[in-house]
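Everything below concerns the one structure shown next.
Below, chains carry the letters A, B, ... as their sequence lines are ordered, and counting in each starts from 1.
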Number of protein chains: 2
Amino acid sequence: MFKVNKLTDYATVVLIDIARTDTVRSSQRIAERTGIPMPTVAKLMKSLHRAGLVASTRGAGGGYSLCRPAKDISVADVIQAVEGPIALTACADTSDEECNIQKLCPVQGKWNRVNTAVRSALSEVTLADMVDEVATFGRKTFDAPAVVTPAVVTSAVVTEVR
Amino acid sequence: MFKVNKLTDYATVVLIDIARTDTVRSSQRIAERTGIPMPTVAKLMKSLHRAGLVASTRGAGGGYSLCRPAKDISVADVIQAVEGPIALTACADTSDEECNIQKLCPVQGKWNRVNTAVRSALSEVTLADMVDEVATFGRKTFDAPAVVTPAVVTSAVVTEVR
DNA sequence: AGTAAACAGGACCCAATTAGTCCCGATTGG
DNA sequence: CCAATCGGGACTAATTGGGTCCTGTTTACT
Ligand code: FES
Ligand code: FES
């Protein structure tokens with residue numbers, strides 16, 4: 001099945017959660033809010049930080065926060081942060097426009113066209129879209145606390161605090 | 001890394017090869033022409049057949065052939081044939097427009113939008129595109145036999161017979 | 001009819017990848 | 001100085017995917 005990593009799904013959940021109340025929070029806190037195991041959250045946040053999606057502050061009272069507004073973070077960004085470059089085939093590994101063995105390969109860059117198409121498709125949806133959706137959903141349909149569940153995983157639950 | 005299966009890459013190579021000289025050929029023959037191990041080819045062809053991309057004739061002298069013109073077979077078709085439904089997250093498992101737990105999930109179908117975008121992107125490139133590319137490439141650049149190599153794999157080689 | 005060439009389906013194993021855990025060093029606020 | 005917290009990376013467990021094989025069925029050809 002053609003799908004994204006579980007960690008990518010986690011990442012969207014975490015980021016959406018952060019985006020909704022834009023304050024600094026620790027991995028610990030995130031783990032509690034999302035139900036994702038703490039060590040996994042820690043690992044995840046490292047990736048997101050390295051990719052420049054979240055800012056981190058160290059030391060006591062430190063934690064993570066978005067370093068761009070949610071509307072400037074696309075699904076493609078998240079995928080690339082967690083899984084590395086979007087490259088449907090190994091030949092387009094570097095994620096730029098050149099196939100590395102293009103001169104020899106007869107499929108000759110055709111996969112790149114597909115790659116590009118997919119990448120741009122993934123760039124069209126931003127976190128902000130998802131946040132909005134979550135917000136309106138939470139209020140319109142339920143009076144209950146909004147719940148953020150990774151699409152892939154059923155155990156992760158965000159209990160809306162305050 | 002966000003990528004397609006190796007088998008999917010194989011599949012494109014095999015299909016392109018078949019498309020170029022549209023005759024019936026056995027798995028055995030395909031294996032020889034592509035350099036992909038015979039048992040793997042066999043497995044692959046079964047998937048492609050089940051998905052209705054190739055027609056098979058049994059018995060001695062039997063084999064496979066395309067059952068639609070190459071221009072009506074998209075990359076999306078190939079991926080779906082080999083890997084199953086294109087569903088970036090488990091929630092959209094069935095590959096239709098409905099998320100199965102949409103009523104409960106706050107990300108609420110947003111992944112479907114991404115899914116759809118990706119699917120349509122993958123539908124834009126057809127085998128015919130790739131075949132053309134291969135043909136012109138083979139003639140223009142080399143006088144040597146055209147070689148079809150899966151982008152992912154370096155060992156598979158098609159020796160242009162006749 | 002008999003035989004050999006092929007496909008169909010599925011069980012199965014091994015390798016590769018991914019998910020998840022843990023530890024230790026570096027920072028920083030109190 | 002101490003406690004909280006991030007950063008990097010090593011390591012293990014779980015899952016997936018690649019690849020093989022076996023058994024049965026269909027069909028052409030002699
Ligand atoms: S080198 Fe890119 S398609 Fe082959
Ligand atoms: S049910 Fe589809 S996004 Fe959650």
Euclidean distance, atom [atom1] of residue [X] to atom [atom2] of [N] [Å, nearest integer]:
X	N	atom1	atom2	answer
B:Y64	C:dA6	OH	C1'	9 Å
B:L48	C:dG9	CG	C1'	15 Å
B:H49	C:dG10	NE2	P	14 Å
B:I18	C:dC7	CD1	C1'	14 Å
A:M45	C:dA19	CE	C1'	17 Å

Same cluster for [X] and [Y] if Ile/Leu/Val/Met/Phe/Trp/Tyr side chains link at under 4.5 Å?
X	Y	result
A:L7	A:M38	no
B:V125	A:L88	yes
B:I30	B:L66	yes

Taking heavy atoms of chain A and a 4.0 Å limit, find me the 5'-most and 3'-most nucleotide of DNA chain D within that range.
D:dA4 to D:dG9

Using side-chain hydrogen bond (donor to acceptor under 3.5 Å, both in side chains), reason through B:R25 and B:T23 one step at a time and then give a plain yes or no.
CA-CA 6 Å; B:R25 69 203 57 191; B:T23 54; 3.1 Å; yes

CD/B:E83 to OG1/B:T8 distance, rounded to the nearest 0.5 angstrom?
3.5 Å

Nucleotide by nucleotide, 5' to 3', does protein get under 4.0 Å of the base (B), only the sugar-phosphate (S), or neither (-) in nucleotides 20-30 of chain C, counting heavy atoms?
BB----BBBS-

Between B:V78 and B:A11, which heavy-atom pair has the shortest distance, and what is it?
CG1-CB, 3.6 Å

Taking 4.0 angstrom as the limit, do A:K71 and A:D129 come out as a salt bridge?
no

Evaluate the side-chain contact (heavy atoms from CB on, under 4.5 Å) criterion for residues A:K3 and A:D9: first the C-alpha distance (whole Å), next the side-chain angles of each, then the deciding distance (0.1 Å), finally the verdict.
CA-CA 10 Å; A:K3 63 173 193 291; A:D9 192 14; over 6 Å; no

